[in-house]
Amino acid sequence: MGSMFREDISDSKRFVITMELVPGEQSKGRSVDTVMSIADAALSDGRISAVSITDNPGGHPSLSPDVLGKEIVNMGMDVIVHFTCRDQNRVGIESRALQLGRLGIKNILALTGDFSGKGFAGQGAPVFDLESVSLLTMLKMMDEGTLTRGDREDFFVGCAVSPFKRTEEESLCQYFKLRKKVRASARFVITQVGYDVRKFHELLCVQRDWQMKVPTLGSVYVLTPTVARIMTEGKVPGVVVTPALLKTIQQEWKEKSNGRTATIERSARLAVVLKGLGYKGVHFGGIHKRFETLSRILDRMGRIEKRWRDFVPEFDFPHENGFNLYARDPANGLCSKKMNNRMSETSPVDKALFQTYRTIHRAFFSHDAPFAPLYSDLCARLEKSPFGYLLVKTAEDISKKALFSCRECGDCGIQHLAFFCPESQCPKHTRNGPCGGSRNGMCEVHPERRCVWFRAYRRWASIDESDRMSHDFVPPRNWELNRTSSWINFHLGKDHQGAPFVTSKG
Ligand code: SF4
């Protein structure tokens, strides 16, 4: 066996290099041969701690990372498997985790995942029964042996973060969610792709200031003009390549060999800058044909490493009018220790509506409210009376459909989302924070709509309580309660706020 990712990333002296492999829509043939030959070359090279394997990237069907991962592990190369929540419900996810344990694949990158793409006979059903934070929590319970009846697993689970968001709302939401992921035992972090060094630095500053010291790998994508254009058009969720960078790349590639050299140089320079800033390692993407490209980048890194400060100004591709959490340090263009003001506000009408919802919610849906025992008693009686139950359920449906576009999940989570419904307003039904796919404040799936987490942040910010978005883990909805009264469920302690955490142990 070559390098072991877990050991390498825990070694304080080691700078870790990983590389992403993307399986194709074939079980044999050229795409599989290419992936296997890159993995083989990476093993022979000896500088790569692990290859990561994507999980149906873009939501399109491709060869399972688990089966490829097993073959690559057998070859002697360590593997990180991407694990998304798009294609399976929690039962399928738990079963897949057991499968990975059995296969001996322990490194997992827990992701919510891109939205569903097209497969047999059209677009697939988006499942998103769990999202990244609940997936991390589930894997942690499997590690501790508190979820399944089997042996304790020994997973090494990490997560992703997108520091390259343009707006205050999205940036802070990403960091709040990262805090939840770290609390849910994320052992390593891999960033999304971007070319704004101040944002790369911002993430490290947030980790320092919010005490989230988790080894973090910065992503470096080996860009060609075609891929850069696709990324600039926003077709790869979460990835940011600005028009200015695209223009530079297109100029460089007017002559192909010049373009290739420039790409290798840019990748090596960004990698050494990340090392200089304090990243634990670099995660390379965009190596789809030959390992040789990465080998040249790594060689070049060795030669230019000491000059990393000189290259910092070259990675100044921010969003136009983009938000930064820290003021710019004029000495080096990175983050200073001074925080910028947060300016996010919602409209006075929306603020008033939000406060009204909060007041009502506190009065009727708090276990500490003065009349809570009375409501519980009443609900216990209503539950036994078919007519009474129907009456409450009808009143709940009419009011909540009108106000929140309620989908009758029976396990209400609006209070965690500033009184927006996670079932109707988020296509991925996230309850712990946004996915990484929003762009300029708009939803990945419905780009004409604001991301619901952006709107929720504005509401919390309007009362200066945005930080509460990073507080508690919100369990996934319990499907046993589907189409039942969430009001009655709450008062009888049956929903996620009252019931003991349900596990497959029963
Ligand atoms: S009960 Fe469920 S579906 Fe209805 S508003 Fe609450 S979270 Fe949304």
Side-chain angles (χ1 to χ4, degrees), residues 85 89-90 112 115 125-134 137 173 177 180 346 350 353-367 369 372 375-376 378-379 382-383 388-435 443 445-446 449-460 468-469 471-499 501-502:
C85 303
N89 71 5
R90 67 196 75 184
T112 299
F115 201 65
V127 181
F128 298 108
D129 189 23
L130 304 184
E131 37 75 45
S132 52
V133 179
S134 44
T137 306
C173 280
K177 191 168 185 184
K180 286 193 177 191
T346 193
D350 193 50
L353 190 65
F354 175 48
Q355 285 182 322
T356 308
Y357 288 149
R358 283 193 87 201
T359 308
I360 294 171
H361 193 267
R362 271 202 294 245
F364 292 100
F365 299 102
S366 162
H367 290 301
Y375 298 145
S376 300
L378 184 64
C379 285
L382 284 168
E383 200 192 29
Y389 195 92
L390 185 66
L391 206 68
V392 174
K393 178 79 171 75
T394 307
E396 179 180 344
D397 287 352
I398 292 171
S399 58
K400 283 173 72 176
K401 275 189 179 150
L403 294 170
F404 308 112
S405 303
C406 173
R407 297 274 169 86
E408 301 176 57
C409 78
D411 194 356
C412 196
I414 54 174
Q415 66 281 19
H416 309 299
L417 199 36
F419 300 97
F420 292 111
C421 168
E423 301 305 311
S424 66
Q425 302 303 306
C426 177
K428 298 184 187 176
H429 315 304
T430 53
R431 292 189 173 210
N432 282 289
C435 70
C443 172
V445 186
H446 302 292
R449 290 204 319 226
R450 280 267 188 233
C451 166
V452 67
W453 287 97
F454 179 102
R455 297 165 70 199
Y457 176 92
R458 286 195 155 181
R459 284 186 169 180
W460 287 118
R468 75 161 51 226
M469 294 174 86
H471 285 182
D472 297 328
F473 165 61
V474 182
R477 64 179 278 198
N478 182 355
W479 275 83
E480 239 175 271
L481 304 175
N482 195 35
R483 300 190 75 108
T484 61
S485 165
S486 74
W487 290 353
I488 291 181
N489 292 335
F490 172 80
H491 286 297
L492 297 186
K494 290 182 174 180
D495 73 356
H496 67 278
Q497 295 161 102
F501 199 71
V502 180

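Throughout, numbering of the chain's residues begins at 1 and tracks the sequence. Being a predicted model, the structure only gives us computed values, none of them experimental. Just follow the structure's listing: the first ligand is 1, and inside any ligand the first atom is 1.
For R459 and F420, the positive end sits near the middle of the six-membered ring, less than 6.0 Å away and at most 45° from its axis.
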Would you sort out whether E131 and K180 count as a salt bridge (Lys or Arg N to Asp or Glu O under 4.0 Å), showing the intermediate values?
CA-CA 12 Å; E131 37 75 45; K180 286 193 177 191; over 6 Å; no
Kindly determine whether F128 and F115 satisfy side-chain contact (heavy atoms from CB on, under 4.5 Å), including the steps that lead there.
CA-CA 9 Å; F128 298 108; F115 201 65; 3.7 Å; yes
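Salt bridge annotation for E383-K494: present, with a cationic side-chain nitrogen under 4.0 angstrom from a carboxylate oxygen. Of the charged side-chain nitrogens involved, at least one lies within less than 4.0 Å of a carboxylate oxygen, so that K393 and E408 count as a salt-bridged pair.
The nearest pair of heavy atoms linking C85 to S132 is SG-N, 4.3 Å.
Excluding waters, the protein N/O/S atoms found under 2.8 Å from atom 2 (Fe) of ligand 1 are C409 SG.
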